[in-house]
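So the structure is just underneath, and the comments pick up after that.
First listed ligand is number 1; within each ligand, the first listed atom is number 1.
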Amino acid sequence: MFDCVLIHYGEIALKGLNRPFYERKLVENIKRALEGEEYAGVKHIHGRLILELSEKSDTSRIEERLKRVFGIAWFAFCYRTKADKESIMRCVEKNIPFNPGEKVRVSTNRADKTLPFTSIELNRELGAHLVNRFNVEVSLKAPEKEVFVEIADGEAYIHTQKVKGLCGLPVGVSGRVLHLLSGGIDSPVAAWLLMKRGCEVDYLHFHAFQRFDERWNAKILDIVKVLNRYSFSARIFFVSFHPFEIEAVKVPLRYRLILFRRYMVRVGEKIANKYGIAALSSGENLAQVSSQTLENLSVIERAVSTPILRPLLTYDKNETVNLAKQIGTFELSIRPYKDCCSLFIAKHPVTKARLEDVERIESGMNLNEAVEASVEKAEVVEVKEAL
Ligand code: ATP
Ligand code: MG
């Protein structure tokens, strides 16, 4: 049975004075990810974390949970012993199975430089011992099994497998964004990428439903629950686009989509200001569709003074689709959905909108009223479960 999990964090190590804050967030997030799991505690040693297991720990579930925590570079289920050669040899012998002829390599890494032996010495001696004891071969270049010995604070952590983590930064170290979430493939991926850089994400969704029970649409809720695997809990602001729809009939069809986007970010900005959220974000991309041009993106931005983050700006669609599959949102995103954007689809949408034209068209609409009415009727729901 394993004693503990050794957890290495990547980029956090670079963060200088902020480092204790980043480490605390990571520990907090690991604990949230492991809610309901059996383990004995999490502690810091020398720039790594040790998750103490208990007899009842379910290691495969713990592995699945840790794979969803941003900020972890890699982790390993370990046996632990005292940091002297004798104990290390005994511990390896007792816990790690070897087959005769197997190609083995020992890799030692010491955070503790006060020990009376070097890493290379231990690699050689432990390697030679395994050759004698189990008839294995040492192969530094192409090992079939690598025995890792990591030494820190007078103890040795022994394992044979590093599990790759998500990397990135712990959710919560970079502040909060209000993310425009549609029912499509792109926007959930964009939200996930923001989490990867340490953002907490709240969602703003515009819906085309009239009936109350339809509004708490299962598809959007399910997408958020999948994203909660990585960020634990979130608020969704559900907003009816109806006040805009009434105004949109007054303007040429080819302008409706870009006007809708300007309306969405205006509503977003008001909600963000009310809740102290510093930025908006979206799943927009450059040139994925003919309306996503630099000119159009710029006209959308000019509607607000809050920054709009677009993590997918430079992604190819297939890169986004692959990520959606990895994250777990793809299957949900392709479920049929009554999306409001579809009501504004024109055969020839404006592709190089000019701000003067857009502002002139908007001046013929009761846009402020539509924005106010939408903000006023926004319904907020807190989603704490993960799917
Ligand atoms: P997605 O797959 O996210 O829908 P898309 O490529 O289909 O992206 P569009 O439909 O053009 O793109 O929308 C661009 C972005 O506008 C979305 O990524 C999302 O951020 C935002 N958006 C679109 N529709 C809505 C909506 N109903 N509610 C909130 N945001 C929306
Ligand atoms: Mg869409």
Subject >> Phe148 reachable from Ile96 in the ILVMFWY side-chain graph, under 4.5 Å edges >> reply: no
Original post:
Rest of the hydrophobic cluster containing Trp74 (Ile/Leu/Val/Met/Phe/Trp/Tyr, side-chain heavy atoms under 4.5 Å)?
Top reply: Leu6, Ile45, Ile50, Tyr157
Original post:
With backbone taken as N, CA, C and O and side chain as the heavy atoms from C-beta onward, which portion of Leu181 lies under 4.0 Å from ligand 1: side chain, backbone, both, or neither?
Top reply: backbone
**OP:** Tell me, please: is His207 in heavy-atom contact with ligand 1, that is, under 4.0 Å?
**Re:** no
**OP:** State the atoms of ligand 1, each with its element, that fall below the 4.0 Å cut-off from a heavy-atom position in Leu204.
**Re:** 29 (C)
**OP:** Using distance alone, determine whether Ser281 and ligand 1 share an N or O pair under 3.5 Å.
**Re:** no
Subject >> Which of the ligand 1 atoms, numbered from 1, are nearer than 4.0 Å to a heavy atom of Ser282 >> reply: 20 (O)
Original post:
N/O to N/O below 3.5 Å, does that happen between Phe260 and ligand 1?
Top reply: no
Original post:
How many angstroms lie between NE2 in His179 and OG in Ser282, if you round to the nearest 0.5 Å?
Top reply: 7.0 Å
Original post:
Heavy-atom distance to atom 16 (O) of ligand 1: which of Arg261, Glu284, Arg310 wins?
Top reply: Arg261
**OP:** Is it possible for you to say whether Ile258 and Ile246 belong to one hydrophobic cluster, with membership spreading through side-chain heavy-atom contacts below 4.5 Å?
**Re:** no
Original post:
Should one rank His179, Gln292, Met264 by closest heavy-atom distance to atom 12 (O) of ligand 1, which comes out on top?
Top reply: Gln292
Subject >> Nearest atoms (heavy-atom pairs only) where Ser374 meets Val239 >> reply: CB-CG1, 3.6 Å
Original post:
N/O of Leu180 under 3.5 Å from N/O of ligand 1, yes or no?
Top reply: yes
Original post:
Do Arg48 side-chain atoms and His46 backbone N/O form a donor-acceptor pair below 3.5 Å?
Top reply: yes
Original post:
Quick one: which of Phe237, Tyr203, Phe206 has a heavy atom closest to atom 26 (C) of ligand 1?
Top reply: Phe206
Subject >> Close-contact set for ligand 1 against Asp186 heavy atoms, below 4.0 Å >> reply: 1 (P), 2 (O), 3 (O), 5 (P), 6 (O), 8 (O)
**OP:** Please state whether the rings of Phe238 and His205 are parallel, tilted or perpendicular, taking 30° and 60° as the class boundaries.
**Re:** perpendicular
Original post:
How are the rings of Phe2 and Phe77 set to each other: parallel, tilted or perpendicular (split at 30° and 60°)?
Top reply: tilted
